[in-house]
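The structure appears below as structure tokens.
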Amino acid sequence: MGDARKYGMGASLISADHARIPAAIALQLCAESPEALAVLCRVLWFARGSGECFASCATMRMAGAAMALPVLRRGLVALQDRGLLLAIANPERSCVTYRPTSALAKSPRSVFVPPEVWRGFKPGALAAWVVWRLTGCDAGELPKHLTGRSGKQLSRSQGYALFRTLRSGGVSLEPVRKSTGAESEKDSTNTDDLKT
């Protein structure tokens with residue numbers, strides 16, 4: 001499979017552990033709220049069976065990555081504000097569950113985020129990987145696509161630090177084809193990966 005080889009984790013078929021996110025939405029979240037992107041990957045994973053997710057910190061830890069309560073809350077609010085998650089109150093259980101909306105329906109132009117990336121890295125590094133997969137940009141170009149903490153502009157040095165974090169975590173950032181205009185010549189993150 002093309003995706004697995006490109007991020008240097010060994011070849012394997014795309015599995016249910018991969019979060020599939022429409023490319024335009026993924027890039028928007030990278031630019032505005034990497035925390036929301038991290039939360040979305042986990043919610044999509046938990047909702048893959050029943051279609052709903054009980055998004056507590058304990059639930060998030062079950063996905064293989066600890067997430068602080070403020071980060072989780074900010075991410076959930078950002079996703080609701082963008083119409084990507086629907087919050088459903090359950091008075092009988094005194095809890096809220098979250099359901100992905102139709103805005104996240106499968107799209108041919110999507111990015112498949114592997115579990116090694118969405119479980120293994122903090123929101124900033126996860127977002128850097130997604131930007132790299134979709135645009136082919138290098139570390140110095142990351143600030144054009146990725147926001148820093150508290151919505152501040154990311155510096156070039158922070159971009160290089162994020163790429164170093166990914167490499168030290170075992171992710172091979174091999175060159176990918178850059179997009180030209182609205183669409184790339186060959187989008188390696190689309191459903192063609194499933195056929196190989």
Side-chain angles (χ1 to χ4, degrees), residues 1-4 6-7 9 14-48 53 55 60 63 65 67 71-72 74-86 98-139 141-148 151 154 159 162-163 165-166 171 173 176-184 186-194:
M1 181 200 89
D3 247 9
K6 286 189 177 93
Y7 59 73
M9 300 283 182
I14 292 175
S15 74
D17 285 355
H18 283 66
R20 179 178 181 170
I21 305 173
I25 290 174
L27 288 173
Q28 180 187 21
L29 291 176
C30 289
E32 298 175 6
S33 179
E35 294 166 343
L37 177 68
V39 171
L40 181 59
C41 287
R42 289 157 176 79
V43 169
L44 288 175
W45 185 73
F46 277 105
R48 71 198 188 286
C53 168
M60 295 296 120
M67 186 174 286
V71 174
L72 174 60
R74 281 195 301 269
L76 289 169
V77 168
L79 292 169
Q80 289 174 77
D81 289 346
R82 288 165 177 78
L84 303 177
L85 283 189
L86 180 64
Y98 296 88
R99 179 182 299 160
T101 68
S102 58
L104 289 164
K106 290 181 179 178
S107 164
R109 177 106 169 98
S110 300
V111 61
F112 292 87
V113 188
E116 294 89 344
V117 175
W118 67 256
R119 288 178 179 163
F121 294 97
K122 290 183 179 179
L126 163 63
W129 184 89
V130 168
V131 167
W132 168 77
R133 283 296 296 130
L134 290 173
T135 69
C137 75
D138 63 28
E141 295 173 307
L142 270 183
K144 296 178 189 174
H145 307 280
L146 185 60
T147 186
L154 198 73
L162 287 172
F163 268 39
T165 297
L166 288 166
V171 175
L173 296 169
V176 295
R177 233 180 256 185
K178 289 194 179 186
S179 296
T180 54
E183 290 291 329
S184 63
K186 169 79 172 114
D187 179 22
S188 60
T189 60
N190 68 16
T191 50
D192 289 344
D193 288 330
L194 295 172

Check: Parallel under 30°, tilted from 30 to 60°, perpendicular over 60°: which one fits the rings of H18 and F112?
Finding: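 Taking F112 first and then H18, their aromatic rings stand perpendicular (interplane angle over 60°).
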If I compare all heavy atoms of [X] with all of [Y], which pair ends up nearest, and what's the gap?
{"X": "A103", "Y": "I25", "result": "O-CD1, 3.3 Å"}
{"X": "C53", "Y": "F46", "result": "SG-CB, 3.6 Å"}
{"X": "W118", "Y": "A19", "result": "NE1-N, 4.0 Å"}
{"X": "L146", "Y": "L154", "result": "O-CB, 3.5 Å"}
{"X": "L79", "Y": "A36", "result": "CD1-O, 3.6 Å"}
{"X": "V111", "Y": "A26", "result": "CG1-CB, 3.9 Å"}

Checklist line | Point-to-point distance, once rounded to the nearest 0.5 Å, from CD of E32 to CG of D81 | finding: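 E32 atom CD to D81 atom CG measures 10.5 Å (nearest 0.5 Å).
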Item checked: Atom pair CG (L173) and CH2 (W129), whose distance is rounded to the nearest 0.5 Å ->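 Nearest 0.5 Å value for the CG-CH2 distance: 9.5 Å.
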A side-chain contact here means heavy atoms from C-beta on lying under 4.5 Å apart; do [X] and [Y] qualify?
{"X": "V113", "Y": "L44", "result": "no"}
{"X": "V71", "Y": "R74", "result": "yes"}
{"X": "L40", "Y": "L104", "result": "yes"}
{"X": "C137", "Y": "K144", "result": "no"}
{"X": "L37", "Y": "P123", "result": "no"}
{"X": "L29", "Y": "V130", "result": "no"}
{"X": "F121", "Y": "V171", "result": "yes"}
{"X": "L27", "Y": "T135", "result": "yes"}

Donor-acceptor pair, side chain of [X] and main chain of [Y], under 3.5 angstrom:
{"X": "R42", "Y": "V39", "value": "no"}
{"X": "R82", "Y": "A78", "value": "yes"}
{"X": "Q80", "Y": "L76", "value": "yes"}
{"X": "S110", "Y": "R20", "value": "no"}
{"X": "R99", "Y": "A47", "value": "no"}

Next item on the list: Go through W132 and L166 one step at a time and tell me if the side-chain contact (heavy atoms from CB on, under 4.5 Å) criterion holds.
Entry: CA-CA 11 Å; W132 168 77; L166 288 166; over 6 Å; no
